[in-house]
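These notes concern the structure reproduced below.
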Amino acid sequence: MQAKTAIFFSLGLAILFSGCGKKTDEYTVKPIDIDYTILANCTVSNPEPYDIKALQSGDIKKVNVREGEAVKKGSLLVQLDDFKEQQNLLISSANLENARLKLQNADEDILPRLKGQLKEDELNFGEAKKAFDRSQELVKSEAITKSEYEQAENRFMKAGLKVKQTKIQLDSFGKSGDAASLKNQLSGLSAQVELDRKNAADKSIKAPYDGVITKINIKAGENIRPEAVILTIIEKMDWVLETNVDQKELPFVALGIPALIAFDAYPAEKVKAEVVFVCASIDLGKGTCNLKLKIKENKSFIKYGMTGSAELQAKTYKNVLAVPSRFVIKDKGESFIYVKEGNSASRVKAECSQVGEKWIILKDVKEGTIITTK
């Protein structure tokens, strides 16, 4: 008895559905608003976690942060033992200062003294030249002896040599002498100070930007090697998601369009976002375009790598004459609709534009026109 009932019930359903299948669907054209949306899967891709590595080996002296703690740019996170580096910095800084004082002393004492000596030597040379010139006239008239003439000549020659020697000393002082040597020494010592300062700074691990500590791999007293990952930080900035949409959606995608994000872990909560990047080229293999969306709300549950779905509110068409796409027939590159006239319907060519997969806007049909499927 139950089997017969089931058979009759199934037969009744078949008749009912066969009757429904034959019924013509109708739609009255009227102005409507269409909110065109694009759906796509998305993933939180930025900011990425950043591993901070040790630049030098050493013992961990102090760990100033905990996992999950927010930190400011430049704040001290971890301090390594830097006693040796600080001592080297003090020594090289002292050597640099001594060299600077020597150079200053040379500029303020030796150089002026050499310049004064040259001036004095040039005056002596001038007097000796005058005396020699006079003695040349006097010796001709036998007013002085040949011996006196030779003495004047000798004084003139010595005065000239003295000027040359002082000039050489002065020139050597600036180019290859004490001053040049001190300047070269100063350059080398400055480089050593910078190296020692960097080595000391490398022992202090500081936050590269505002962020949150997500993982700590060391503890106080532990010895670490260079390149060892000390901790992981993630920058404090708006979350960015990446998604790919079909290339046919490109006409509806633009910078700044709003979107709603539903994360897989929190499907009931819609998070506001906007498009901040649209690909410059299409992935030829997939036929898709890459988009980036920036989260506009501060939600503590969002984490790097989370997945979800994005609903892009691509475009709103206000007060347009549109029909569901099933009422438009495509035939050899042209579009047609069936317009009801009384008890019959005539096929009419239609000028239209597609809005996604669900709606088609009619451009040459009047409001109130009844169209049918056939």
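Everything numeric in this text was worked out from a predicted model, so none of it was measured.
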Is a side-chain donor or acceptor of S93 paired with a backbone partner of L90 at a separation under 3.5 angstrom?
no
Grab the two heavy atoms, one from K162 and one from D121, that are nearest each other, plus how far apart they are.
NZ-OD2, 3.2 Å
If we only count heavy atoms from C-beta on, is the R100 to L96 side-chain gap below 4.5 Å?
yes
How close do S75 and K72 get, heavy atom to heavy atom, and via which atoms?
OG-O, 2.7 Å
Within a radius of less than 6.0 Å around OH of Y304, do more than 12 heavy atoms belonging to other residues, nucleotides or ligands occur?
yes
Would you check if there is a donor-acceptor pair between the side chains of N290 and E242 at a distance under 3.5 Å?
yes
Note: V245 and A40 closest approach over all heavy atoms is CG1-CB, 4.0 Å
Heavy-atom check, side chain of P208 versus side chain of I52, under 4.5 Å:
yes
Is a side-chain N or O of D283 found less than 3.5 angstrom from the main chain of K286, in a donor-acceptor match?
yes
Any disulfide (SG to SG under 2.5 Å) pairs touching residues 245-291, not counting sequence neighbours?
C279-C289
State, yes or no, whether a side-chain contact exists between C352 and V328 at a heavy-atom distance under 4.5 Å.
yes
Is the shortest side-chain N to carboxylate O distance from K30 to E367 below 4.0 Å?
no
Here the pair of heavy atoms bringing A345 nearest to T372 is CB-OG1, 3.7 Å
Find the distance between CG (L241) and CG (L293) and round it off to the nearest 0.5 Å.
6.0 Å
Step-by-step side-chain contact (heavy atoms from CB on, under 4.5 Å) determination, K206 to K73
CA-CA 8 Å; K206 297 181 179 180; K73 179 180 179 179; over 6 Å; no
Taking atom CE of M157 as the centre, does the number of heavy atoms from other residues, nucleotides or ligands within less than 6.0 Å exceed 12?
no
Quick one: CG on L189 to CG on N98, what's the gap to the nearest 0.5 Å?
9.0 Å
Taking the side chain as every heavy atom from C-beta outward, state whether T369 and V339 have any pair of such atoms under 4.5 Å apart.
yes
What's the shortest heavy-atom distance between I34 and I32, and which atoms?
CG1-CD1, 3.9 Å
Answer with yes or no whether the side chains of S335 and K330 bring together a donor and an acceptor at under 3.5 Å.
yes
Going only through I, L, V, M, F, W and Y residues with side-chain contacts under 4.5 Å, is there a path from V240 to L312?
no
Would you check, one step at a time, whether the test side-chain contact (heavy atoms from CB on, under 4.5 Å) holds for V29 with V323?
CA-CA 7 Å; V29 178; V323 298; 3.9 Å; yes
Between S45 and W239, is there a side-chain heavy-atom distance shorter than 4.5 Å?
no
Lys/Arg-Asp/Glu bridge criterion (N-O < 4.0 Å) met for K215, E67
no
Indicate whether the side chain of T37 and that of Q313 have a donor and an acceptor atom separated by less than 3.5 Å.
no
Quick check for you: to the nearest 0.5 Å, what is the distance between L231 atom CG and L77 atom CG?
5.5 Å
Apply side-chain contact (heavy atoms from CB on, under 4.5 Å) to the pair L118 and K167, showing each step before the final yes or no.
CA-CA 7 Å; L118 178 61; K167 283 184 175 180; 3.5 Å; yes
Using modelled atom types and a 3.5 Å cut-off, is there a donor and acceptor pairing between side-chain atoms of E148 and backbone atoms of T145?
yes
Does L39 share a hydrophobic cluster with V275, counting links as ILVMFWY side-chain heavy atoms below 4.5 Å and allowing steps through other members?
no
So, the side chain of Q86 versus the backbone of F83: is there a donor-acceptor pair under 3.5 Å, distance only?
no
S300 backbone acceptor or donor facing K303 side chain under 3.5 Å
yes
Working to the nearest 0.5 angstrom, can you tell me the gap between E69 CD and I233 CD1?
10.0 Å
Let me check something: any side-chain donor-acceptor pairs from residues 122-131 under 3.5 Å, sequence neighbours excluded? List them with distances.
| unit_1 | atom_1 | unit_2 | atom_2 | d |
| --- | --- | --- | --- | --- |
| N124 | ND2 | E120 | O | 3.4 |
| K129 | NZ | D133 | OD2 | 3.2 |

In terms of hydrophobic clusters joined by side-chain contacts under 4.5 Å, are I282 and V278 together?
yes
Hey, does L291 have a side-chain heavy atom less than 4.5 Å from the side chain of N244?
no
Note: D81-K203 ion pair, threshold 4.0 Å (strictly below):
no
Side chain of S92, backbone of N88: donor and acceptor closer than 3.5 Å?
yes
Side-chain contact, heavy-atom cut-off 4.5 Å: V355 with I360?
no
L80 vs I60, test: side-chain contact (heavy atoms from CB on, under 4.5 Å). Steps then yes/no.
CA-CA 5 Å; L80 278 70; I60 301 296; 3.9 Å; yes
Any donor-acceptor N/O pair, T214 side chain to T232 backbone, under 3.5 Å
yes
If the threshold is 4.0 Å, N to carboxylate O, is there a salt bridge linking R347 and D331?
yes
Plane angle bin for Y27 and W359 - parallel if under 30°, tilted between 30 and 60°, otherwise perpendicular:
perpendicular
Could you please spell out the steps behind the ring pair (Phe, Tyr, Trp, His ring centres under 6.0 Å) verdict for F132 and Y149?
CA-CA 7 Å; F132 176 64; Y149 168 76; 5.7 Å; yes
Would you say F327 ends up clustered with I361 if hydrophobic residues are merged whenever their side chains have heavy atoms under 4.5 Å apart, either directly or through other cluster members?
yes
Keeping S190 on the side-chain end and L186 on the backbone end, is there a donor-acceptor pair under 3.5 Å?
yes
When you check the side-chain N and O atoms of N154 and E150, is any donor under 3.5 Å from an acceptor?
no
Side chains of T316 and D35, donor plus acceptor under 3.5 Å:
yes
Pairs of donor and acceptor atoms involving the side chains of residues 246-269, under 3.5 Å and at least two apart or interchain, shall be tabulated with distances.
| unit_1 | atom_1 | unit_2 | atom_2 | d |
| --- | --- | --- | --- | --- |
| D246 | OD1 | K248 | N | 3.0 |
| K248 | NZ | E357 | OE2 | 3.3 |
| E249 | OE1 | Y36 | OH | 2.4 |
| E249 | OE2 | Y36 | OH | 3.3 |
| D264 | OD2 | T307 | OG1 | 2.6 |
| E269 | OE2 | K299 | NZ | 2.9 |

Any side-chain heavy atom of I329 within less than 4.5 Å of one from I337?
no
Let me confirm one number: the CG-NZ distance from D238 to K294, rounded to the nearest 0.5 Å.
5.0 Å
Distance, nearest 0.5 Å, that separates CD of E235 from CG of D210:
8.0 Å
For the CG atom on N298, are there more than 12 heavy atoms of other groups (residues, nucleotides or ligands in this structure) within a distance under 6.0 Å?
no
Shortest non-hydrogen contact from P47 toward I234
O-CD1, 3.2 Å
Donor-acceptor pair, E334 side chain versus K349 backbone, under 3.5 Å?
no
In this structure, would L321 and I371 fall into the same cluster of hydrophobic residues linked by side-chain contacts under 4.5 Å?
yes
